[in-house]
Amino acid sequence: MSESDTILSTLADGVLGLTLNRPEKLNAFNDEMHLALRAGFERAHADSAVRAVLLTGAGRGFCAGQDLGDRDPKKGVPDLGRTIETFYNPLLRLIRSLEKPVICAVNGVAAGAGANIAFACDITLAARSARFIQAFAKIGLVPDSGGTWSLPRLIGEARAKALALTAEPLGAETAADWGLIWRAVDDDTLMEEATALATRLAAGPTRGLGMTKRAIQAAATNSLDEQLDLERDLQREAGRSADYAEGVSAFLEKRKPEFSGK
Ligand code: T3D
């Protein structure tokens with residue numbers, strides 16, 4: 001894993017905590033933070049001790065998207081397609097393809113790519129004071145980090161277009177009411193609630209949870225017939241897992257299950 005203080009990394013109770021850590025820039029991405037975050041998610045894929053991920057930000061913001069200090073037009077015209085291909089797209093693919101729950105705790109403003117990364121996580125909680133901004137419209141860009149895919153799917157075309165074209169901030173409560181995130185919680189309990197949720201999931205039957213994530217994501221492009229076939233195949237695989245055997249045994253023996261994630 002890359003050594004960088006732009007991402008703080010912890011592992012406790014099976015939860016890999018990844019904290020965006022450039023608080024003076026509201027955790028905007030520079031190249032170093034991109035690489036360190038990607039390394040964190042690569043570790044989550046590779047390390048069986050990691051059974052859930054908890055992503056959050058240090059300081060008063062969650063993430064203000066790309067660091068615009070690195071995009072000064074006086075220094076030439078950048079190839080933003082290259083940075084999307086090099087950094088944002090691989091990150092989004094790592095989050096979506098990780099067959100372990102990714103919890104996101106949005107502790108403050110989430111703008112540009114920062115908002116869309118939060119929407120790509122599996123369960124997103126936000127502090128009541130947090131707001132989400134499709135800031136791209138203010139600087140002549142197009143929503144990235146999967147925003148043009150996730151927004152219309154999560155909230156419909158009318159709301160997606162209005163948010164993306166106006167860049168109006170959306171409060172956490174409304175984001176939850178609209179289905180963009182799971183829940184808005186009191187600011188001072190956000191981390192406690194998010195950590196408790198991540199810890200509970202990490203101790204759960206993570207093999208089955210991972211397959212559930214895969215199935216729900218596949219539904220975005222599958223027909224009902226394809227989805228029914230996928231459910232059959234995944235259930236066959238889940239039925240052979242150690243976690244399923246443990247879950248049923250614990251039920252029959254009236255005890256608490258001890259899942260291994262296998
Ligand atoms: O470039 C590519 O590779 C393509 C990919 C693009 C992906 C993107 O995310 S594009 C969108 C980039 N992000 C933005 O346009 C958001 C810019 N920031 C803002 O609009 C505001 O800062 C916020 C609405 C997020 C928060 O406003 P507020 O009033 O709470 O805070 P602030 O005072 O504006 O910001 C606090 C500090 O963070 C400030 O620094 P200072 O003056 O105290 O030294 C500000 O400059 C800095 N900051 C905030 N966002 C960024 C940033 N510095 C660099 N880049 C930022 N994105």
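Numbers here simply count residues along the sequence, with the first being 1. Side-chain atoms are counted along with the backbone in the values below, which use heavy atoms only and exclude waters and symmetry mates. Each ligand, and each atom within it, is numbered from 1 in the order the structure gives.
With respect to atom 26 (C) of ligand 1, the closest heavy atom belonging to the protein is Leu26 CD1, 3.5 Å. Annotation: atom 25 (C) of ligand 1 to nearest protein heavy atom, Ala111 CB, 3.8 Å. The shortest contact between atom 52 (C) of ligand 1 and any protein heavy atom is with Lys25 O, 4.0 Å. Ranking the protein heavy atoms by distance from atom 54 (C) of ligand 1 puts Asp67 OD1, 3.2 Å first. Scanning the protein heavy atoms around atom 24 (C) of ligand 1, the nearest turns out to be Ile133 CD1, 3.6 Å. Atom 28 (P) of ligand 1 has Arg60 NH2, 3.8 Å as its closest protein atom, hydrogens excluded (heavy atom only). Atom 39 (C) of ligand 1 has Glu24 O, 4.6 Å as its closest protein atom, hydrogens excluded (heavy atom only). Residue, atom and distance of the protein heavy atom nearest to atom 17 (C) of ligand 1 are Leu68 CD1, 4.2 Å.
Against a heavy-atom cut-off of under 4.0 Å, Gly65 is close to the following atoms of ligand 1: 9 (O). Proximity to Ala113 (heavy-atom distance under 4.0 Å) selects the following atoms of ligand 1: 7 (C), 8 (C), 9 (O). Within ligand 1, counting atoms from 1 as listed, the ones closer than 4.0 Å to a heavy atom of Ala135 are 14 (C), 15 (O), 16 (C). Under a 4.0 Å criterion applied to the non-hydrogen atoms of Gly112, ligand 1 contributes the atoms 9 (O).
Counting heavy atoms under 4.0 Å from ligand 1, residue Phe136 touches it through the side chain alone. Residue Asp70 does not touch ligand 1, judged by heavy-atom distances below 4.0 Å. Within the 4.0 Å heavy-atom criterion, the part of Arg131 lying near ligand 1 is the side chain and not the backbone.
Looking at ligand 1, you won't find any N or O of Asp144 less than 3.5 Å from one of its N or O atoms. By the 3.5 Å distance cut-off applied to N or O atoms, Ala28 is not counted among the residues near ligand 1. Any N or O atom pair closer than 3.5 Å counts here, and Ala64 shares at least one such pair with ligand 1.
Heavy atoms of Phe87 stay at 4.0 angstrom or farther from ligand 1. The closest approach between a heavy atom of Lys138 and any atom of ligand 1 is not below 4.0 Å.
Applying the side-chain hydrogen bond (donor to acceptor under 3.5 Å, both in side chains) test between Gln134 and each of Asn116, Thr148, Thr166 identifies Asn116 as the sole match.
Using modelled atom types, no side-chain atom of Arg22 and backbone atom of Asn27 make a donor-acceptor pair closer than 3.5 Å.
Distances from atom 3 (O) of ligand 1 to the protein include at least one heavy-atom value under 4.0 Å.
The aromatic rings of Tyr88 and His34 lie perpendicular to each other, with more than 60° between the two planes, well past the 30° mark.
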For salt bridge (charged side-chain N to carboxylate O under 4.0 Å, His left out), just list the numbers for Asp67 and Lys25, CA-CA rounded to whole Å, side-chain angles, deciding distance to a tenth of an Å, and then say yes or no.
CA-CA 8 Å; Asp67 188 327; Lys25 301 279 183 195; 5.0 Å; no
